[in-house]
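To start, the structure under review is shown below, and the notes come after it.
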Amino acid sequence: MPTQTRRSRFPRVVIERESESESDRLSEDGLLSEDEDGGGGGGGGGVISPLEAEAEADAEAEAESESGSAENENGRLGRRDKQGWSELDSWKKKEKKKKAPINISLKKVCKVCKGTGHEAGFKGATYIDCPKKPCFLCKMTGHTTMTCPHRVATEHGVVPARKNSRNSLDYVFERQLRTGIPTIKPAFVIPDQVDCAIIRFHSRRITCLEFHPTNNHVLLSGDKKGQLGIWDYAKIHEKTVYGSIHSCILNNMKFNPANDGTVYTSSSDGTISCTDLETGLPHLLMDLNPDGWHGPSNWRMLYGLDVNSEKGLVIVADNFGYLYLVDMRSNKRTCEPILIHRKGTKVVGLHCNPLQPELFLSCGNDHFARIWDVRRLEAGVSLGSMAHGRVVNSAYFSPFTGSKILTTSQDNRIRIWDSIFADLDSPSREIVHSHNFNRHLTCFRAEWDPKDFSESLAVIGRYISENYNGVALHPIDFIDTSTGQLVAEVRETNITTICPVNKLHPRDDIMASGSSRSIFIWRPKEKSERVQGKDVMKFKMSLCGKDGKKPKKKLDGRSDEDSDDYNSEYGSDLMRVAREFYFVMDYWNLQVLIWL
DNA sequence: ATCCAATGAAACC
DNA sequence: TGGTTTCCCTTGGA
């Protein structure tokens, strides 16, 4: 069996190619073999336009004369009819074959360090590190990811506290506040199987996800374009995208605790909006750039956002280190902006303490996470300061007691402070985990499981890939933060892209993942409503007809009448996949649903 | 197949 | 402090 590369699967779901013409699609990659091509017909035969062909031919000719083996191309290119094209094609193929050996004779050059004698990159589905660079996982020198001590089979490294950071206050706290918390951890329920998904729901990558606080099946998603998606994943095809709320990246969102029909969003366009989910109409709370664009040094963007329901405050922070408080009722700022991180640096995350909402956490690009009291805000005077090796992507209080802190930093470490009252100088634990920064990905954020009373389970996507039976996949990791152990790595053969955004449902055993422009809903295997059998992973897809036409290829075990039903029901194409696995393509909306 | 661009932090001067 | 360059397992589209 040939090795699977990371891209060998999804591109065959041609639906995604929005601007492509049918002829391009059909001719690509042998998707249709000769015997299936009966209905193609007419002018659809040509793939490249004469103009392109000419340019290509010229380029070829040039290459030819350089390599000194040119032979009367004029005769071949003089004609512009079909036969000419096919001749040209076969001629090109021959040339390709001829040229191939030249490349093989080239010296091995590492694309990472440009050195010779070794090569970095994918060998099949396994990535080979450049030995001259620090380990891609733990950032230490002297070894590569392959031999990193933090990557022992399915476990990640954990660095225990450098010293015992617990003091007497800590124990008092344990006695008084944590009495109701079970000491024995429940068995974690891991949502590990894809239940349904929307492929290419958004037009840009997903930046954040949020479950509706009362409606169990509704998921909100924000993207890099500033759009807000609403999806009822129980009624799979009930979905909306609101496009006119923000003009660029929607960084964070939070439901209005006083009215769960509205949601607050912060964006890099410098505004906070309160959007009605029914109408999609945004209400502008704050605009930091009322005078428009005056260069990047003046343009203010809003990142961190949270809501203090007790005080009726929306707290947001910008890319210059400032915090803003907005009253939810009057929609007015309650005070002047306060500098809470190093001036000129981005504050990416804010989180209010679940028990004492006047306390909140901030984190940002100055490599710090800090605790603040909203009643006593003063620039530079925080209640606690937690240093990190790199930018801090997120900092969250634990969901029930709010006494633990979980942070994700770009130094590839997750840090846990077991008590906010203890010494914050060093974390209780550091867990080495691959969640590297990459400008093209949404930043990874480790998040608590909101249902875990023991406050130990956290979820975070993994950057680095692993070779799973010849396919490079990036699992979503479930980590027991009390031990640093990897509890589960969740993956699906057909999701070959990184899943930086993951949200666990506040009540159900469900996880939502945002990967690139798509959203996936996971459930535990035994609870999954639509899936039975183990071989779903090995499903095979086959292309069907479009625009109401009968499928070109007969569908497995399904009659043509059935497929017509599907076509009329969804007004769309159908892709039949083995067992109960279907792709439904919607050419009108250029969106696809998968359900199991 | 192969190339390109989008675009963010940090190192370097 | 500020402009410039580099980066290191991306993704999707041309």
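The shown structure was predicted, so the numbers you read here are calculated from the model rather than taken from an experiment. Just so we're on the same page: letters track the sequence lines, and every chain starts at 1.
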- Message: Assess, by modelled atom type and distance only, whether the side chains of A/T408 and A/S394 contain a donor and an acceptor separated by less than 3.5 Å.
- Response: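 Short answer, yes.
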In this structure, how many angstroms lie between the [atom2] atom of [N] and the [atom1] atom of [X], rounded?
X	N	atom1	atom2	result
A/H440	C/dG13	NE2	C1'	14 Å
A/L441	B/dA9	CG	P	13 Å
A/H367	B/dG8	NE2	P	16 Å
A/I199	C/dG13	CD1	P	13 Å
A/R204	C/dG13	CZ	P	9 Å
A/K139	B/dA9	NZ	C1'	13 Å
A/F122	B/dA1	CZ	P	15 Å
A/N436	C/dT11	CG	P	13 Å

- Task: Report the nucleotide, chosen from B/dA10, C/dC9, B/dA9, that has the shortest atom-to-atom distance to any side-chain atom of A/T145.
- Result: C/dC9
- Item | Selection from C/dG12, B/dA10, C/dC9 that lies nearest to any side-chain heavy atom of A/H474 |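 Minimum distance to the A/H474 side chain belongs to C/dC9.
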- Message: Base contacts versus sugar-phosphate-only contacts with protein, heavy atoms under 4.0 Å: please encode nucleotides 3-8 of chain C as B, S and - from 5' to 3'.
- Response: ----BB
Does OP1 or OP2 of [N] have a side-chain N or O of [X] closer than 4.0 Å?
X	N	answer
A/S516	C/dG12	yes
A/K224	B/dT7	yes
A/R390	B/dA11	yes

Apply side-chain contact (heavy atoms from CB on, under 4.5 Å) to [X] and list each qualifying residue two or more places apart in sequence or on a separate chain.
X	value
A/T145	A/D129, A/C135, A/F136, A/L137, A/R151, A/I464
A/R342	A/T345, A/D366
A/P337	A/Y322, A/Y324, A/R333
A/N289	A/D287, A/W299, A/R300

- Task: Start with the C-alpha gap between A/N252 and A/S266, add the side-chain angles, then the distance that decides, and say whether side chain to side chain donor-acceptor pair (under 3.5 Å) holds.
- Result: CA-CA 5 Å; A/N252 277 293; A/S266 68; 4.5 Å; no
- Under 4.0 angstrom, heavy atoms only, what part of the nucleic acid is A/D129 near: base, sugar-phosphate, or nothing?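 Base, at least one base heavy atom under 4.0 Å.
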- A/T407: side-chain hydrogen bond (donor to acceptor under 3.5 Å, both in side chains) partners, not counting sequence neighbours: A/H388
